Amino acid sequence: MSNSISNDLLNQSLLRSKLNSSGIPANTLFQASRVKAPTRKSQTSKKFHGNNLVVGKPNLAMESRRRSSVVPRAVLAADTDSKQLAEKFNLDGSIELQVVVSAPTLGSATQVEIQVTYSSDSLLLHWGVIKDGKEKWVLPPRRPDGTRDYKNKALRTPFSKSGSNSFLKIEIDDPEVQAIEFLIVDEKKNKWFKNNGNNFHVNLPTKEKQISSVSVPEELVQIQAYLRWERKGKQMYTPEQEKVEYEAARTELLEEAARGTSIQELRTRLTKKNDGGDTKKPSLPVSKGIPNDLVQIQAYIRWEKAGKPNYLEEQQLREFEEARKELEMELEKGVSLDEIRKKIIKGEIKTKVAKQLKDKKYFRVERIQRKNRDLMHILNKYTAKPVDEKISVKPKSLTAVELFAKAKEEKDGGPVLNRSIFKIDNKELLVIVTKPAGRTKILLATDFKEPITLHWALSKNNAGKWLAPPPEVPPPGSVSLDGVVETPFSFSSRESANEVQHLEIEIEEDSFRGMPFVIQSAGKWIKNNGSDFYVNFAARSSQARKDAGDGNGTAKALLDKIAEMESEAQKSFMHRFNIAADLMDQAKDAGELGLAAIMVWIRFMATRQLIWNKNYNVKPREISKAQDRLTDNLQSIYTSHPEYRELLRMIMSTVGRGGEGDVGQRIRDEILVIQRNNDCKGGMMEEWHQKLHNNTSPDDVIICQALIDYIKSDFDIDVYWKTLNENGITKERLLSYDRGIHSEPNFRADQKEGLLRDLGNYMRTLKAVHSGADLESAITNCMGYRSEGQGFMVGVQVNAISGLPSGFPDLLQFVLEHIEDKNVKALLEGLLEARQELRPLLSKPNSRLKDLLFLDIALDSAVRTAMERGYEELNTAGPEKIMYFITMVLENLALSSDDNEDLIYCLKGWNQAVGMLKSNNNHWALYAKSVLDRTRLALSSKAEWYQRVLQPSAEYLGSLLGVDQWAVNIFTEEIIRAGSAASLSSLLNRLDPVLRKTAHLGSWQVISPVEVVGYVVVVDELLAVQNKSYGHPTILVAKSVKGEEEIPDGTVAVLTPDMPDVLSHVSVRARNGKVCFATCFDQNILSDLRAREGKLLRLKPTSADITYSEVKEDELADAITNPLKEGAPSTLTLVRKQFNGRYAISSEEFTSEMVGAKSRNISYLKGKVPSWVGIPTSVALPFGVFEKALSDDSNKEVATKLKILKKKLKEEEFGSLKEIRKTVLQLAAPPQLVQELKTKMQSSGMPWPGDEGEQRWKQAWTAIKKVWASKWNERAYFSTRKVKLDHDYLCMAVLVQEIINADYAFVIHTTNPSSGDDSEIYAEVVKGLGETLVGAYPGRALSFICKKSDLNSPQVLGYPSKPIGLFIRRSIIFRSDSNGEDLEGYAGAGLYDSVPMDEEEQVVLDYSSDPLIVDSNFRHSILSSIARAGSAIEELYGSPQDIEGVIRDGKLCVVQTRPQM
């Protein structure tokens, strides 16, 4: 809209976004907001704010404040009074479906909430709606976030998961919709839930019927439609949605009219004529002749013609007065109001306004108002499917030329300095450079059939200048001409079917660097794509090529293909990008590792590890076109394969944007204009022009910036070199271009203004092609621009992308205005708000999706850059500000990640921690520390993903291409350092000591406080050395300790930054073995300990700290060391158990001859613990059942195989352990075993798996065999071996219990294991099943202590940081119960496996909604009941106990107890 306002703008198109005169989408005329009910009359108030006209007026009140979008989405249902249960269905046995419908109120949508007692990541609602009484459903325009269109036949909306249930909510605002129909599908399992074979059908409540005789004026419908639009967050509507909204507005007004509201009352309500709200805005007297709505429109036209300046309040008042005067002048001429209205619409009212200077700022927004969003809206659960790392690739057969060369290489020997294959039509020319006996030897071989001659010379520089070789160098038969030599090739064998022509040249002098040449055949000259061939004699000494290996963990076939194509790719960027585009389908088919291969290759190119251009002249438009082709392919895969989006973003940011052909050609043309306009046609500018003309590259962006900096500094040449060098361009690099830059810039003072102007414009052109992550060029590319620079190519235009969010251009303008702010808080908020606004568009098909992606990549990059600049701002900041910055950087990382569920829950945790700090909650620092630990785990997991996906490809391809080894070694590290993860890690390191100090945590958590002396040994993983035996007392400083490891012989201490639970297996082992074990949170202390490797240290721990000092050798003899040494006599013995004639027994029959202590203890507790403590029903397969089943006739073959494998094991062939476990799983179940177990389970009231089908019994039998097989797991075997237990005597009973699908699981030690204090209980609690507590799952549990003298006062020591919880359906668990767990002084518990019949489901945990964390009363109740149960059981046994249990629906149940070790 420029000089007129169309009828459309005053009609339905109020709801549409327009393009202003610059091609940027602008807000429509009005931005209305509802105001409170009127109390007294007020005059019109008006305000220009930002780039919007804000008018408070009788009919439409407006504000500039950004509003939250109300987007339909799948959310958890919440109870409200307006809801009613519509339907309840039984889907499949215990699975229930409940549908709740909320009746619509005036102006609201009908809400349909669906809940299923079924949990799956891939559960979808397959649905549509019924309209006009038709049988077939249709697809509504409004749909929840994450919904996708399924073949234009149905919508598919994902459920949100919470524990074992799934929820979603749908909003229906179309009054014509009568019902919703749907099916439910588990997409991964292809499992459909139907209503007795039909669709589920739920009728929706209808609104009151309209009175057909009632009608409302269209102008009121327009206002109501606008108010609906504003109420819903000013969304961008499609024409279909717009029509639906407009008719919905009409329906609302008709309903009011049908209830008796008059048209005048409607008009009064909508236009707010009796608005009585006080306002502090400047007011104007109301003209008696001109309606205010006309004054407003005229003021808008004046504002637009003036260039939409930011007016101060006084200027706003003057503008409205001027608009009113212009209309009053028309009235004085005798023009009627109706005619004035028409003239305004046609833009025929004369106005006198001066266009404001574009760079003049009357008002500057200092901080944007961020919208309140549900963080789950940015949830991604896209994970790539695993790809078989061992890809079998058929060996490529060697060509005749390669076979010939191979034979020559084997015969001559010596290192190969260079090996190049040139493709000439369908022929090959192979050149190999070797250096036997100190002489340079060049072998050339080709499969040309006709005779050819080499026309050659030598060169002493890389530029390939032709020099005549010394007279002794040319081979026999050569002819010396003017500075060159011609040598004919000779055939290897006329008899061979694969004859090859070849020649050899030997050079003794070392001063020559290479050989330029061309080939002559039948009077024709053959060149290398129009340029001379050139062979380099020197190999880079830094390459130190590694063995390529077998390519495990890579898309090997694709990487081999890339290596084969590299010589072609080196010709130019055009060649490289076109080859990459050709390989994208193969990369996509190879999955995650295929795209990683492309990423690594392009990254090697971008970091200048590969040749950019080799004697090839290419037009800039051709490079741009090739980039465009590649990025189009990337865009297509981004749309079709969301699981690869993170990798695709990385590739796109490395490639650059490319662009339309004419934009690329401008690089070539505009440099000529710059030279002509500014009289700088020689010297450096001409050399740069020749370089640009021959082959432009990303270096040109840096050169242009260096020239701009040089000119701005009043021609300080040091500034020019500083910019170049800081960005990796040296004098040598400038000289190395095919058209080298030899000169320095040298301009006159009178050229300064023109050069700055033209080079500034030229920089945009360069960035448009080369800099995909450049923010300004990315913004202009999306917002649209037209080239109008003087002397430049007029008419190059990029149109704005349609459908951008309302207010988005203003938001981007805010970002650009603040992009260099020293204090970056407001900038970071603006950047993140822009990314959030942009995000919905990135998941929708769009012909210009890649431009939106490049904008998002640029915004992401700007966040990282701003954060690095903002560290100084945080030097004196308090914890609240640091935590707020952490939330912003974490949000940025989540927006760029494929599988970001853990990151989002970390972000929710930080927001909760900030809230706790603001509300002065005493636990804020303790809780924030748990969130910090979880965030570190998430970053570690992300770094491991990068390492697993990228590094093997970097190493394999790097070895094939001869990339510098240092560049290969740091490849993944540099990728991580360039992302938000590095910034986030730095912020966490800054906050960690603050939290530890505030929460009184200190630098250590001491798990086993034992004073020791030993030699420091640094290892990466405790797991890697667990079977090692150290010959002297050893203090291990281990980077990684998971929780299930054994502690090596000779180890007296394990110190780690990792966070195993205090009650994990390795923690129990340490305390039992009198080994000092502690977590260190201070990186400085850890660095100091690592620096003391090999030194003899004394560790003195307390319950909360460790001091250490170096000691002399003579103090070692007096030190307390680990008594369990290799070779020490064992005081432990096992008694072999025999089969007692029964395959299964009930808990009443449990004795020491039949079962282990685990089973006996659980039986003993029944009837003796308080009634509120539940004890699960149990049966058991007693000792000897395994051996009896093995001796059954059906298992003879298994028994024979096991005998052979056990013999190998005694001969210390430890690889047979795995084979033994696999063999045990081949056991068949004797029929008597099956019958007895069935009888005992059913008589005890337990469900029999076989009642659910034969497959369920097979699952149960497999679980039983896995328990038996765990006797031969590595950890258990080596543990018994260390203490000299006879492994053959170890017998395994199996305890059978019905599994409880726990809300929480806990472990209690009734004597505090860290301090040894028997007056207090120590316990740990996790969400879900207890395997995450006792197994090797990362993160910490919630931990607390409680004095036995006051069991109602638990004290929380630490909040949970475990990211994963385990949940399971109703099932049976088979627990190991060996006779090795009964031995006093030997911690046999936890060595063997307990196996559930069904697989547990891993759920990423959200603690921000967990009542154990957020509800202090609930937490107090649960922790107190755990403490009371521990105390009661200890009192029952009369000794400290190690107790495991669960909480389900607030009820406590103990599943096992044993003496505390």
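Position 1 is the first residue of the sequence; numbering continues from there. The model shown is predicted, which means the values in this text are computed figures rather than measured ones.
The CD atom of Gln1242 sits 9.5 Å away from atom CG of Leu1237, with the distance rounded to the nearest 0.5 Å. To the nearest 0.5 Å, atom CG of residue Leu1055 and atom CG of residue Leu1097 are 9.0 Å apart.
Side-chain contact, Arg1221 with Ser1216: no donor N or O sits under 3.5 Å from an acceptor N or O. In summary, the side chains of Glu1148 and Ser1146 do present a donor paired with an acceptor at a separation below 3.5 Å, with no hydrogens or angles considered. Defined by atom type and a distance below 3.5 Å, a donor-acceptor pair is missing between the side-chain atoms of Arg1275 and Gln1026. With 3.5 Å as the limit, one finds no donor-acceptor pair spanning the side chains of Asp1318 and Thr1311. Residues Thr1310 and Gln1441 have side chains that never bring a donor and an acceptor to within less than 3.5 angstrom of each other.
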Working for side-chain hydrogen bond (donor to acceptor under 3.5 Å, both in side chains), residues Arg1069 and Ser1008: CA-CA 10 Å; Arg1069 274 282 182 275; Ser1008 175; over 6 Å; no

Apply side-chain hydrogen bond (donor to acceptor under 3.5 Å, both in side chains) to residues Ser1159 and Asp1377 and explain how you reach the verdict. CA-CA 7 Å; Ser1159 300; Asp1377 190 21; 2.6 Å; yes

When you look at Ile1035 and Leu1099, which way does the side-chain contact (heavy atoms from CB on, under 4.5 Å) test go after all the steps? CA-CA 9 Å; Ile1035 297 171; Leu1099 304 183; 3.9 Å; yes

Before you tell me yes or no, could you show the steps for Ser1178 and Gln1297 under side-chain hydrogen bond (donor to acceptor under 3.5 Å, both in side chains), namely the whole-Å CA-CA distance, both residues' side-chain angles and the distance that decides it to 0.1 Å? CA-CA 5 Å; Ser1178 307; Gln1297 295 176 326; 3.1 Å; yes

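Ring pair His1309/Tyr1322: centre-to-centre distance not below 6.0 Å. Two rings, from Tyr1015 and Tyr1030, have their centers 6.0 Å or more apart. The ring of Tyr1164 has its center closer than 6.0 angstrom to the ring center of Tyr1437.
Every pair tested for salt bridge (Lys or Arg N to Asp or Glu O under 4.0 Å) that includes a residue from residues 1013-1039 fails, sequence neighbours excluded, so the list is empty.
Between Asp1288 and the choices Lys1206, Lys1203, Lys1210, the salt bridge (charged side-chain N to carboxylate O under 4.0 Å, His left out) rule is met once, by Lys1210.
Take Tyr1277 and apply the ring-ring contact (aromatic ring centres under 6.0 Å, His included) test, not counting sequence neighbours, and it matches His1287. The ring-ring contact (aromatic ring centres under 6.0 Å, His included) test applied to Phe1367 returns no partner, not counting sequence neighbours.
More than 12 heavy-atom neighbours from other residues, nucleotides or ligands sit within 6.0 angstrom of CZ on Phe1214.
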